[in-house]
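All ligand and atom numbering here is 1-based and tracks the order in the structure. All of these numbers come straight from a predicted model, not from anything done at the bench.
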Amino acid sequence: MKRVLVITGATGSGKTTVSKYLQSKHHLPKVITHTTRKPREGEADGFDYYFETHESMRKLTLLEQVTYDFNQYGSSMEGLDQAWEKADLVTIVLDSKGATTYKEVLGDQAVVIFLTVSEPDALKERLANRGDEKIALIQRIKSAEYHRDLKIPKQLDGQSKVIVNDNWNQTKQELDRIVTELKD
Ligand SMILES: Nc1nc2c(ncn2[C@@H]2O[C@H](COP(=O)(O)OP(=O)(O)O)[C@@H](O)[C@H]2O)c(=O)[nH]1
Ligand SMILES: Nc1ncnc2c1ncn2[C@@H]1O[C@H](COP(=O)(O)OP(=O)(O)O)[C@@H](O)[C@H]1O
């Protein structure tokens, strides 16, 4: 069965780190999504995201689309199919609203991993260490979406694999276990 590992959680919880690990260690292709957010230093178009204008975003046919911290993000069925052409198990990084939509639309084909940390204040520190611009960081932490994604949505509770990403070595072991289970 073709499946997609949906990585979700608050900003700073480790979604990108987990997605990169799954790509490098387990060779899981990543579904590239679209955003109107400006690229951060080191991010590349067509690799981290397809960076769009509001106008180009409007022309896309998307499976789901959200506003997160005043920017638009969206993913297409075409993107998912392209990744599935490469492998039966692929990953996508989504906010919790998108993760809920994927679970609703794809059912058992969507396996959701909800990332959290035991001390939410640690996230601010991680974002500062990541090198986020101070103003962008303050705005992000104030956003309703950031606060919403600190907690698992009701619809995903009991339907997701929750990883408390306090310790990276432990997280890697949990990820290895999940991938092995899904590939068996
Ligand atoms: N629903 C949805 N969320 C997305 C999509 N692409 C990215 N996101 C989420 O949008 C949020 C903001 O992403 P980003 O600005 O890269 O910030 P980050 O969380 O700090 O990496 C994160 O929760 C991403 O997982 C998408 O296509 N659909
Ligand atoms: N378990 C961990 N312990 C400490 N720092 C971590 C851990 N996991 C990720 N990080 C760091 O936290 C920052 C935010 O992680 P990132 O993957 O970019 O989060 P997200 O994509 O969810 O916003 C990055 O600098 C990353 O290296």
Side-chain angles (χ1 to χ4, degrees), residues 4-24 30-52 57 60-80 83 90-106 110 112-133 136-153 155-156 163-175:
V4 57
L5 255 184
V6 177
I7 319 295
T8 193
T11 290
S13 59
K15 301 181 298 298
T16 309
T17 310
V18 164
S19 163
K20 286 189 171 156
Y21 175 74
L22 293 172
Q23 287 170 75
S24 62
K30 180 187 114 166
V31 180
I32 301 165
T33 64
H34 303 259
T35 184
T36 59
R37 168 168 78 63
K38 297 276 163 287
R40 295 184 186 128
E41 211 177 308
E43 286 184 330
D45 187 46
F47 183 75
D48 296 287
Y49 279 108
Y50 294 113
F51 291 100
E52 308 284 352
M57 192 85 175
L60 300 169
T61 309
L62 298 170
L63 180 70
E64 55 84 43
Q65 187 173 5
V66 295
T67 302
Y68 189 105
D69 187 15
F70 304 106
N71 292 305
Q72 299 290 313
Y73 296 81
S75 56
S76 65
M77 196 65 217
E78 200 186 6
L80 183 57
V90 303
T91 64
I92 190 166
V93 176
L94 299 172
D95 76 339
S96 69
K97 194 173 171 193
T100 306
T101 305
Y102 266 62
K103 193 71 199 158
E104 273 167 16
V105 174
L106 295 171
V112 178
I113 296 182
F114 184 84
L115 294 173
T116 181
V117 288
S118 36
E119 186 44 69
D121 276 350
L123 297 180
K124 294 178 195 165
E125 212 170 294
R126 286 187 192 179
L127 293 174
N129 290 341
R130 184 170 76 179
D132 283 25
E133 251 179 67
L137 195 160
I138 292 169
Q139 182 182 310
R140 176 56 60 95
I141 284 173
K142 274 206 242 159
S143 72
E145 292 81 15
Y146 172 81
H147 289 278
R148 180 200 62 198
D149 285 358
L150 288 172
K151 268 207 189 136
I152 191 162
Q155 301 94 313
L156 293 178
I163 297 183
V164 182
N165 181 25
D166 286 344
N167 176 300
W168 179 238
N169 281 328
Q170 219 166 298
T171 297
K172 282 195 287 189
Q173 284 178 21
E174 290 185 49
L175 292 168

(request) Return yes when Asn129 approaches ligand 2 closer than 4.0 angstrom through a heavy atom, no otherwise. (result) no
(message) Applying side chain to side chain donor-acceptor pair (under 3.5 Å) to Tyr68 and Thr11, what does each step give before you reach the verdict?
(response) CA-CA 11 Å; Tyr68 189 105; Thr11 290; 3.0 Å; yes
(request) Using a 4.0 Å heavy-atom threshold (strictly under), name the region of Lys38 that reaches ligand 1: side chain, backbone, both or neither. (result) neither
(request) Starting from atom 19 (O) of ligand 2, locate the nearest protein heavy atom and write down its residue, its atom name and how far away it is, to 0.1 Å. (result) Gly14 N, 3.2 Å
(request) Examine distances only and state if a side-chain atom of Asp48 and a backbone atom of Ala44 form a donor-acceptor pair shorter than 3.5 Å. (result) yes
(request) For Glu125, look at atom CD and say whether over 12 heavy atoms of other residues, nucleotides or ligands are found less than 6.0 Å away. (result) no
(request) Considering heavy atoms of the protein only, find what lies nearest to atom 1 (N) of ligand 2 and give residue, atom and distance to 0.1 Å. (result) Asn165 OD1, 2.8 Å
(message) Less than 4.0 Å is my threshold; does some heavy atom of Arg130 fall inside it relative to ligand 1?
(response) yes
(request) Give the residue and atom name of whichever protein heavy atom lies nearest to atom 22 (C) of ligand 1, and the separation in Å to one decimal. (result) Lys15 CE, 3.8 Å
(message) Checking the N or O distance criterion of under 3.5 Å, is ligand 2 in contact with Arg130?
(response) yes
(message) I need the contact type for Asp166 against ligand 2. Using non-hydrogen atoms and a strict under-4.0 Å cut-off, is it side chain, backbone, both or neither?
(response) backbone
(request) Look at atom 21 (O) of ligand 2 and say which protein heavy atom is nearest, naming residue and atom and giving the distance to 0.1 Å. (result) Thr16 OG1, 2.5 Å
(request) Specify the protein heavy atom at minimum distance from atom 9 (C) of ligand 2: its residue, its atom name, and the distance to 0.1 Å. (result) Thr17 OG1, 3.6 Å
(request) In sequence, state the C-alpha distance, the side-chain angles, and the governing distance for Gln72 and Gln65, and then conclude on side chain to side chain donor-acceptor pair (under 3.5 Å). (result) CA-CA 7 Å; Gln72 299 290 313; Gln65 187 173 5; 3.2 Å; yes
(message) Tell me whether Leu127 has any N or O atom under 3.5 angstrom from an N or O of ligand 2.
(response) no
(message) Taking distance alone, with N or O pairs closer than 3.5 Å, would you say Gly12 contacts ligand 2?
(response) yes
(message) For atom 6 (N) of ligand 1, what's the nearest protein heavy-atom neighbour? Residue, atom name and distance, please.
(response) Thr33 OG1, 2.8 Å
(message) One residue to check: Glu64. Relative to ligand 1, which of side chain, backbone, both or neither has a non-hydrogen atom less than 4.0 Å away?
(response) side chain
(message) Judged on heavy-atom distance to atom 7 (C) of ligand 2, which of Lys20, Arg126, Glu125 sits nearest?
(response) Arg126
(request) May I ask you to identify, for Val66, whether its side chain, its backbone, both or neither come under 4.0 Å of ligand 1 on a heavy-atom basis? (result) side chain
(message) Below 4.0 Å from ligand 1: does a non-hydrogen atom of Lys97 turn up there or not?
(response) no
(request) Determine whether the side chain, the backbone, both or neither of Glu145 has a heavy atom under 4.0 Å from any heavy atom of ligand 1. (result) neither
(request) Check if Thr35 has a non-hydrogen atom at a distance under 4.0 Å from any atom of ligand 1. (result) no
(request) Tell me which protein heavy atom sits closest to atom 16 (O) of ligand 1, plus the residue, atom name and distance to 0.1 Å. (result) Tyr49 OH, 2.6 Å
(message) On a heavy-atom basis, I'd like to know which of His34, Arg126, Arg140, Arg37 is closest to atom 17 (O) of ligand 1.
(response) Arg140
